[in-house]
Amino acid sequence: MKPRLTRSLLRFIAGVVVCSAMAQADDLTWNGEATSNTWNTDSANTNWQNAGVAAPFVAGDNVTFSAPAGVVVDNVQVGEALEAGTVKVDDDYTFTTTAESSISGNFAGSGSIRKAGDFLLTLQAGDATTDGPALAVEGGNLALAGTATYRELTSMAEGTQLQVQEGADVTFANAATGTDVALQGTMRLASGDSTFNSVNGAGAVDIAADTTLALAADSSVGTLSNAGTVTAAGNLLVQNAVEAGGDVSAARLILNNGGTFSTLKTDNLVLGSAISKTAPSVTTATLGSANGSDMQVDVTRLVRGSGDYLLVSATDMGDTNYTLSEDTVNRFRNSGFLAEMTRGTEGLVLTLDSFNNGFYAANVRSSNARAGATLLDQAFADLDPQENRTAHPNLARVLDTMDAYILAGNSTAADRLAANVAGAGVANLNAAWRGQMERQLRAIRNRMTSFQGGMPCCPPDPKAPVVEPLRYTFWANAEMDYQNQSGEGTLPGYKLHSIGGTAGFAMLAAEDLTIGAAFTGMAGRLSSKGYGSDASGDLDAYYANIFMRKDVDCVQHSLIGSVGWADISFKRRVGMPGGGYATRGTTDGLGFGVMYEVARSYRISEDTMKSAWWQPVFNVAYVHSKVDAYTESGSDAALRVGKQDSNNVIFGFGARMQGIVGEGIFNTPAMMEARILGKGITGGRRGKADVSIPGVAASSTVRGSESSAMGVELGIGFNIPLGRDYGALITDFTAEFYQDQTSVNGVLGYRIDF
């Protein structure tokens, strides 16, 4: 064959082949319906139109997704590998995966592809697609492959994943939240504040100005791992520890739990994690400033312990000048530290020196809490318990708990704990002891009123036989007493239950003069409950009493003196999450009191010896009580409690009625006494005590609730004869009521005259 003919034949054959190939690349338009919306390579699937005629999709065809008309739907199901020439998307379409799928081709169009379904969809772009469709991930995983630049990714639903494969480039047009990115290519954040659970891979992250990327919002799962380069004209916020990473250059880099970078450059490094000496916040090989000269370091979350903290360890930090921000210095100062940052061969070191700046006192509100917070502030400065936990374990735990409460904004819990640390309940020790001294004067007074049959003040009967008066009286009684001082807001009250008895002796020294003495012993159980107080103990007391009664005509003068000794033990409990601590203390009390009472008798009935009479009564008492200072044991947070004392004058004015009653009830004439008196108290009515922690150069005053100045006393008693020469039964009941204080006393005893 001639050469010219051969060349002509070859050209013909090539032309036929090319024309045949070109004839197979049809231009298809999507025509899927609701009942048939699958894109696949099945020759029987005619969800497409070619020049108005239904046609199947064949690999290499050019496909167009335009605005659906009629029954055509915008939901496309894919479940295999699809290879197209050009994929043009002119409207918003949802691509739902029924199996792992891929679409390859040259992407174009101004619409969007919304990826749905649980299976992976891979887009393999054949060329630059800057003008191609926007992307959104509504479910499952979307992978971007090829060497193209995808126009933009507008959104990602929480829990979805994005894969940016090597060579691919995608821009996030808006904020994305709660997603995971596998990054080998380039991810650009154009605007908004995006939050990813994790970004993993050797790709690049580019963050535009005024934009923030937050990594690992859920700090338990997310990381920035092996990122090749992070360039942030805006902010890069890393919530979780950053694993072996690449180069970072950010206008503002926020590291909440540290990390490792091969190169770290930023003008403002923010350390948001709790600083640990054993786990530095940031570890990096190279640290520098983006502008090459100055870097500002902010520390936003603080520890409360003095010492040296390694912020950044680096082998080469260049010539950058590192300074603590003014906010950081003030933040530490407000928390009780002087902060200074130094640069050495080991890196950046933050040095904290504690001082008493009133941090705890500024975060509580009640008076007893301020007392405790003042002690804690000084203990923080003098002892630094959190740095010296072995020597001060309980104080360290108290400070840790106070820090946690304050950080969480739980001011009520912080207030209660500080008041409890200050031992608010110890303020009530002397108040309870003072009440017992006053009770003792009343008890002896009530016995005296019935001696020698009371004071009928009847004129002598000249015809009556002369009867020698009884010269001596002996009595013994058991006694129960209850005092309750209610709490006053944040000031605790107390309760005291006592039981004991009295033995006494009286004699008629003259026709109108009775004198005597008595001894009393009482065992008491004391508790202090209320705001910032959980304490209990014993208050045992012993009293020596003397008394006299002078009858002048119809006027009765009574004088009582009492000296008391108290043996007090007290145990406090301070509760905290995870367990608290307890302290114990013992001390002594001393008190004395004197009461004078005057009463005038008026006869009510003129009947013989069954008469009744009433008496207007006035009395005044002075009580001095004192509780010695003592030091608790059982904890490094134990208190030294100062001396407590008070001086009070108590007035009473009212009436008393006496009479012979009960012959029909008791089968013998009995003498009854009933009384009602208004009461007034002057002097210190509020318990208070100075407290301090041994070794701490501070003391504070804690206060208990205050009793009201006015009250009322009610009482009734009986002397019931048991028969001639067999003595009498004594009963008495007394109650005092104030606005926030109650005292109840009951007596049962035996008396004999001879």
Side-chain angles (χ1 to χ4, degrees), residues 30 32 37-42 45 47 57 59 63 65 73-84 86-87 89 92-107 109 111-127 129 132-173 176-188 194-205 215 218 221-227:
W30 174 249
N37 63 340
T38 301
W39 177 12
N40 57 30
T41 56
D42 186 350
N45 184 358
N47 285 328
F57 170 79
V63 296
F65 295 88
V73 299
D74 60 0
N75 191 317
V76 183
Q77 291 191 19
V78 293
E80 61 182 78
L82 302 168
E83 298 180 8
T86 298
V87 181
V89 183
D92 297 334
Y93 279 79
T94 299
F95 285 71
T96 303
T97 54
T98 58
E100 185 172 325
S101 310
S102 65
I103 302 174
S104 61
N106 299 323
F107 287 84
S112 68
I113 294 177
R114 300 190 300 263
K115 193 275 171 187
D118 296 334
F119 297 95
L120 171 67
L121 173 62
T122 301
L123 302 182
Q124 178 81 33
D127 58 5
T129 57
L135 305 175
V137 186
E138 297 179 352
N141 302 343
L142 175 65
L144 305 180
T147 57
T149 299
Y150 292 85
R151 176 159 69 95
E152 64 180 16
L153 194 147
T154 58
S155 66
M156 292 186 70
E158 186 172 358
T160 60
Q161 292 184 343
L162 176 67
Q163 297 178 18
V164 183
Q165 297 182 7
E166 187 174 1
D169 189 322
V170 64
T171 298
F172 280 74
T177 303
T179 59
D180 299 305
V181 178
L183 185 64
Q184 298 298 325
T186 301
M187 178 176 70
R188 307 178 192 278
S194 295
T195 301
F196 295 104
N197 284 340
S198 67
V199 177
N200 298 287
V205 180
L215 291 170
D218 180 354
V221 297
T223 58
L224 175 62
S225 177
N226 297 322

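Excluded from the calculations below are hydrogen atoms, water molecules and symmetry mates; all remaining heavy atoms, backbone and side chain alike, are included. If you're wondering where the values come from, they're calculated on a predicted model, not measured in any experiment.
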- request: Could you go through the side-chain contact (heavy atoms from CB on, under 4.5 Å) check for Val78 and Thr96 one step at a time?
  value: CA-CA 6 Å; Val78 293; Thr96 303; over 6 Å; no
- line: For Ser101 and Ala99 the tightest heavy-atom approach is OG-O, 2.7 Å
task: Could you tell me whether the side chains of Arg188 and Thr171 share a donor-acceptor contact shorter than 3.5 Å?
output: no
query: Rounded to the nearest 0.5 Å, how far does CG of Leu123 lie from CD of Gln163?
result: 11.5 Å
statement: Interatomic distance, CE@Met156 vs CZ@Phe196, rounded to 0.5 Å, equals 6.5 Å
- line: Of all heavy-atom pairs linking Leu183 and Ala204, the shortest is CD2-O, 3.4 Å
Main-chain N/O of Asn47 paired with Trp39 side-chain donor or acceptor, under 3.5 Å: no
- request: Examine distances only and state if a side-chain atom of Asn106 and a backbone atom of Thr86 form a donor-acceptor pair shorter than 3.5 Å.
  value: no
- prompt: Can you tell me how far the CG atom of Leu162 sits from the CG atom of Leu144, to the nearest 0.5 Å?
  reply: 5.0 Å
Exam field: side chain Asn45 to backbone Thr38, donor-acceptor pair closer than 3.5 Å: yes
field: Other residues, nucleotides, ligands: >12 heavy atoms within 6.0 Å of Gln161 CD
entry: yes
- request: Taking all non-hydrogen atoms of both residues into account, name the closest pair between Thr122 and Ala145 and its distance.
  value: CG2-CB, 4.1 Å
task: Please report the shortest heavy-atom distance between Ala84 and Val63, naming the atom on each side.
output: CB-CG2, 4.5 Å
task: Answer yes or no: is there a donor N or O on one side and an acceptor on the other, between the side chain of Lys115 and the main chain of Gly139, under 3.5 Å?
output: yes
task: Give the intermediate values and the outcome of side-chain contact (heavy atoms from CB on, under 4.5 Å) for residues Phe65 and Phe95.
output: CA-CA 11 Å; Phe65 295 88; Phe95 285 71; 3.9 Å; yes
task: Please determine, by modelled atom types, if Ser112 and Asp92 share a side-chain donor-acceptor pair under 3.5 angstrom.
output: yes
- prompt: Taking the six-membered ring for Trp, are the ring centroids of Phe172 and Tyr150 within less than 6.0 Å of each other?
  reply: no
field: For Ala173 against Glu152, the heavy-atom pair lying closest together
entry: CB-OE1, 3.3 Å
- line: Rounding to 0.5 Å, atoms CG (Asp169) and OG1 (Thr186) come to a distance of 4.5 Å
Atom pair CG (Leu142) and CG (Leu135), whose distance is rounded to the nearest 0.5 Å: 6.0 Å
message: Testing the 3.5 Å rule here: is there a donor-acceptor pair between the side chains of Ser102 and Gln124?
response: no
query: So, the side chain of Thr97 versus the backbone of Leu121: is there a donor-acceptor pair under 3.5 Å, distance only?
result: no
From CA spacing to verdict: side-chain contact (heavy atoms from CB on, under 4.5 Å), Asn40, Phe57: CA-CA 7 Å; Asn40 57 30; Phe57 170 79; over 6 Å; no
- line: Of all heavy-atom pairs linking Ile113 and Phe107, the shortest is CD1-CE2, 4.1 Å
- prompt: Roughly how far, to the nearest 0.5 Å, is the CD atom of Gln165 from the OG1 atom of Thr147?
  reply: 12.0 Å
message: Using a 3.5 Å distance criterion without hydrogens, assess whether the side chain of Thr160 forms a donor-acceptor pair with backbone atoms of Glu158.
response: no
